[in-house]
Amino acid sequence: MAVERTNRDIQTLITQIANGQIMLPDIQRGYLWKASQVARLIESLYRGYPAGSLLFWKTSESVETRKAATGKAQGLPSVMPLYLLDGQQRLTSLFRVLTDHPEAQVVFNIETEAFQNQSAATSRNRKWVKVHDVVRPDADVFAIHGELKAAGLTIPDAEIGRRLNALQKVTQRDFHMEVLQDFEYEEVAEIFVRVNSGGRALKTTDLALATLSARAPGFLGQLEAESACWAERGYSALDTNFLIKALTLSLSITGKRLSSVAKLTAASKESVEGAWAKVRRGLAQVVPLLQDKLLVPSTALIPSLATLHPLVVYYGRQPEGTQIPLEVEGGLLYWFMAATTRNRYGGATDTALTQDIRALDAEDPVRALLANLDISDGGISVSARDLAGRNHQSPYLMFCYLAAAHAGASDWWDGSPISATADGSDKPQYGLAHPAAKLRNHRLKYSSAEINELANIVFVSQQTSKNMIGDRSPAAYVQHVAAHDLVAHLVPNDPAALEADGYREFLAARRALLAGRITGLLNQFQPAFLTGGRNSQGKPESARSLALAGYAGTGRTALVAKAETGGKTWVGWIDTAELEAGLDAAASGLASDVVIGGEAAPIRVNAEGVVSVSIGPFLVHGSLDQWRATVKNAFEDARPIVDCPEQTEGQWHGELEEILLSDPEILTG
C-alpha cells in the first residue's frame, strides 16, 4: 500500500472524467451542490483562493461504481481508472460549468467581478458574460472583449482584458491530489468516512451507506432502485435517506435509540438483508394504503416522513400474505393523522420514533401509539382556530386536500380529479380562491399572511387559476362552477364573503367548514375504544403568545424568548450572533443551527425564502426581512442585562405549534 502525491490542472481532470479515467465508487453520495455554491467555487478559483485537495483510490479490484451527475455519458477508460473519494462536489460542478450543463450556467459581471447563476436579468445585461463562453477551448475572447467594450463599462479597456484573461486561466488552476494505491475496499471506506466527516460533514446515513457499500457492493443500487419505484407512484421523497432510516428501525430491537443509524455499521450482512426485506414488504403495504384508502397521492403532502416509519415497520413485521384486521388498519391511519396534527416529529425525532417503534410490541399497538400522543380516553377534533393563520407550509395543508378529495372534488377547468398533479411534479396543484391581485392594496389592508392563508387555498389546476379565477373575486366566477363542486371544495355560499370587501368573512366561514370536514374525516377512522370527544386536538383552548426582547449592558447582549401556551410558560435565551449568522446562511439557501434555551435548534429555509425556527413550543415561520426586523426591533428598546430572566431548563419537549412571525395576536415585543 502506498500514497502517491501529485498535482493536476482542472482541464486535465475534466478530460479524464469525460474519458472514464476518473470514476465514482458506490460509497459516494449523490451530487448535492446548489447553483450558488457552484458560482462561489468559480469565484474562488478566479481570485486565486485555495480550493482544497482531492483524494483518489487506485486499485486492480473490480469496484462497483455510480454514475456521476455530469449530464454526459463517460467513455470507457483505456487505463486503470482513479476512483474519486473526496472532491466529487467540486469536480462535478467544474465539469458542469466547463461543458455548459443547463443547471450550471454561471455568469461573470466584468464590471463588478461578481459571479452567479444565469437569470433573466443577467441574460439581458451585456455586462454579464457566461463563464463557459470564456473558458471553452474554442472561445473567441477577442470578440467577447469587443462586445463588452460596447456595453458602456466604467473600467478601462486594459482592465477588461486582464479580467477576461484571469477568468480564462481558471481551467489551468492545479489541484493537489493524493492517490491511495492497493488499499482494501473496507479500509478505503473507513478513510472515506474520516475524510468526509472532517470537511462538509456527512450525515449519519451517508456514513452508513459507505460502510454498507463496502461490505455489500451494489447495495446502494438496490436502495436507489426501490426509491425510483416509489417515485413513479408519486412518493419521490422515499429516498435513500428515508430507506436507510427505515432499515435501521426494522433491524433494531434493543437499545435506547432504536433509530440510531450507527447500528447498521455493526450489523451482520444477514441481519441487514433480513431487515431490507421487511422494509420492502412494509412499503408495499403502506404506500397503497395511504393512496387508496386515505387518498394521499404524493409525499409532497406529508409534513413529516417520520410518520411513515412506524407504519412501514409494523407492516414489514407481518409475514407475507397476512391480512391486517380492518379495525387495526383504520386505527393506524387514525394515528398517522393524529400524529400529523400534533406535529409528533417536529422536535426530538429519534426519541419519538423509539417510543413509537416500541409501542408496536404492545398487545394493542394502535392503543399504545395513541397513548404516546396522550390520546387515550377520547378522540381529537379540529377547530377553526387551529386553521387560523396557517399557510401552505402547515401540516393542515394535507387535511385540507383530503377534505376535498374525500368529497369527490374536481378541477373547475377540465373536471379532472384534484389528485392530478402539475407536469413534471408530484405536488398537487392549488390556487387562491380570492386572488392575491384583487386583495393587495385593498382599502381594508389585507396582509400578505391573510392573503396566503390556508383557508384561501383551493385545489385547482393552473389552468383554473389562470383562465377562470384570474384577478377576479369569487363572486365573478362561482356561477361557472358546478354547485356540487363548490360544496366539495367548501366554498362559502354567503354572497358578501365572495367579494373582496368580505374576504375576512370568507376566511372565517371557510375555516369553520374545513374544520368540520376534517373532524368528520378523523371520525371515520377513529378506533372504537376512543369514546367521547375532547376539544380541538384533545386539549382545552388557551392563550398562546411569544415575546422576543433584547437585553444589553456591560458589553453583553441577550435575545430572550418568552412563550406561553396551554397554561405553561417557557423562557429561553437565543444566541444573537448565531441567529444572525443563521439568517445570513438562510439568505444563501443554507440550513444551520442556533443555540436556543441552551440547546441547538434548526434554522430552515424553503425554496420560497421562508425561514423557520423552533423556539420553545412554537415553530415560527417568517421571511428573512421579517426575522431581521424582529431582531432589530427587539434591541431598539433593550432592557438592562441585569433584568434578564432565568431561562427554562432545556428546550420544549412537547408538540410544536406553528405560528407566523407577522401575527400580531401571537408575537409581542
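This chain uses plain numbering: 1 for the first residue, then up along the sequence.
Side-chain contact annotation: Asp414 with Ser416, donor-acceptor N/O pair under 3.5 Å present. Residues Ser93 and Tyr31 have side chains that bring a donor and an acceptor to within less than 3.5 angstrom of each other.
When side chains are defined from C-beta on, Leu54 does not count as touching Arg8, because their heavy atoms never get closer than 4.5 Å. Between Val170 and Val97, the closest side-chain pair of non-hydrogen atoms is not below 4.5 Å. Residues Tyr46 and Glu113 meet the side-chain proximity criterion, which asks for heavy atoms closer than 4.5 Å. With a 4.5 Å cut-off on side-chain heavy atoms, Leu153 and Leu148 count as touching.
Listed for the Asp411 side chain is a donor-acceptor partner under 3.5 Å among the backbone atoms of Ser461. Here the side chain of Thr464 pairs a donor or acceptor atom with the backbone of Trp413 at under 3.5 angstrom. Side-chain atoms of Ser394 come within 3.5 Å of backbone N or O of Tyr396 as a donor-acceptor pair. A donor-acceptor distance shorter than 3.5 angstrom exists from the side chain of Thr92 to the backbone of Gln88, with no hydrogens or angles considered. The backbone N or O of Ile144 lies less than 3.5 Å from no partner atom in the side chain of Glu147, so there is not a single donor-acceptor pair. Side chain of Arg163 to main chain of Ile110: a donor-acceptor pair is present (N/O by atom type, distance under 3.5 Å, no hydrogens or angles). Listed for the Asn633 side chain is a donor-acceptor partner under 3.5 Å among the backbone atoms of Ala629. Side-chain atoms of Asn452 come within 3.5 Å of backbone atoms of Ser448 as a donor-acceptor pair (strictly under, hydrogens ignored). Checked by atom type and distance alone, the side chain of Gln172 never pairs as donor or acceptor with a backbone atom of Lys169 at under 3.5 Å. Within the 3.5 Å criterion, the main-chain N or O of Ala476 finds a donor-acceptor partner in the side chain of Arg472.
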Is there a side chain to side chain contact (heavy atoms under 4.5 Å, CB included) between Phe175 and Arg90? Walk through the geometry before answering.
CA-CA 11 Å; Phe175 271 108; Arg90 286 168 289 159; 3.9 Å; yes
Please assess Gln291 against Tyr235 for the test side-chain hydrogen bond (donor to acceptor under 3.5 Å, both in side chains), listing each intermediate value before the final yes or no.
CA-CA 10 Å; Gln291 288 188 321; Tyr235 276 54; 4.8 Å; no
Any chance you could lay out the salt bridge (charged side-chain N to carboxylate O under 4.0 Å, His left out) test for Glu43 and Arg40, step after step, and finish with the verdict?
CA-CA 5 Å; Glu43 180 180 13; Arg40 285 201 294 270; over 6 Å; no
Can you list the steps and then say if Leu13 with Gln16 is a side chain to side chain contact (heavy atoms under 4.5 Å, CB included)?
CA-CA 5 Å; Leu13 291 166; Gln16 287 184 298; 3.9 Å; yes
What verdict does the side chain to side chain contact (heavy atoms under 4.5 Å, CB included) test give for His101 and Thr70, after you've listed the backbone C-alpha separation in whole Å, the side-chain angles of each residue and the deciding distance to 0.1 Å?
CA-CA 8 Å; His101 191 286; Thr70 58; over 6 Å; no
Run the side-chain hydrogen bond (donor to acceptor under 3.5 Å, both in side chains) check on Ser53 and Glu178 step by step: do they pass?
CA-CA 8 Å; Ser53 60; Glu178 293 189 342; 6.0 Å; no
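Checking each of Leu305, Val287, Leu290, Asp239 against Thr299 for a side-chain contact (heavy atoms from CB on, under 4.5 Å) leaves exactly one that passes, namely Leu305. Of the residues listed (Lys130, His132, Arg96, Gln116), the one engaging Gln105 in a side chain to side chain donor-acceptor pair (under 3.5 Å) is Lys130, and it is the only one.
Closest non-hydrogen pair, Gly470 versus Pro435, comes out as O-CB, 3.3 Å. Minimum interatomic distance between Ile615 and Ile574 (heavy atoms only, all atoms of both residues): CD1-CD1, 4.3 Å. A pairwise comparison of heavy atoms in Ala139 and Asp133 identifies CB-O, 3.1 Å as the closest pair. Counting all heavy atoms, side chain and backbone alike, Phe108 lies closest to Val131 at CB-CG2, 4.3 Å. Minimum heavy-atom separation, Trp627 to His621: NE1-C, 4.4 Å. Between Ala433 and Pro474, the closest heavy-atom pair is O-CG, 3.5 Å.
Counting heavy-atom neighbours within 6.0 Å of Arg440 CZ, excluding the residue itself, gives a total of 12 or less. Around NZ of Lys127, the count of heavy atoms belonging to other residues, nucleotides or ligands within 6.0 Å exceeds 12.
Aromatic ring pairs are classed by plane angle as parallel below 30°, tilted from 30° to 60° and perpendicular above 60°; the pair Trp412 and His489 is perpendicular. Ring geometry for Phe459 versus Tyr430: interplanar angle over 60°, hence perpendicular rather than tilted (30 to 60°).
Looking at Arg628 and Asp584, a side-chain N of the basic residue comes within less than 4.0 Å of a carboxylate O on the acidic one, giving a salt bridge.
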Pairs of donor and acceptor atoms involving the side chains of residues 220-229, under 3.5 Å and at least two apart or interchain, shall be tabulated with distances.
{"residue": "Gln222", "atom": "OE1", "partner": "Trp276", "partner atom": "NE1", "Å": "3.2"}
{"residue": "Glu224", "atom": "OE2", "partner": "Arg66", "partner atom": "NH1", "Å": "3.2"}
{"residue": "Glu224", "atom": "OE2", "partner": "Arg66", "partner atom": "NH2", "Å": "2.8"}
{"residue": "Glu226", "atom": "OE1", "partner": "Arg280", "partner atom": "NE", "Å": "3.0"}
{"residue": "Glu226", "atom": "OE2", "partner": "Trp230", "partner atom": "NE1", "Å": "3.0"}
{"residue": "Ser227", "atom": "OG", "partner": "Leu238", "partner atom": "O", "Å": "2.9"}

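Taking CD1 of Ile457 as the reference point, atom CG of Leu397 lies at 5.5 Å (rounded to 0.5 Å). Here Arg604 contributes atom CZ and Ser612 contributes atom OG; the two are 9.5 Å apart, rounded to the nearest 0.5 Å. Taken to the nearest 0.5 Å, the CZ atom of Phe95 stands 13.5 Å off from the CD1 atom of Ile10. Remark: Met468 CE to Lys466 NZ distance equals 14.5 Å, nearest 0.5 Å.
Remark: Thr12 pairs with Asp9 by the side-chain hydrogen bond (donor to acceptor under 3.5 Å, both in side chains) rule, at least two apart or across chains.
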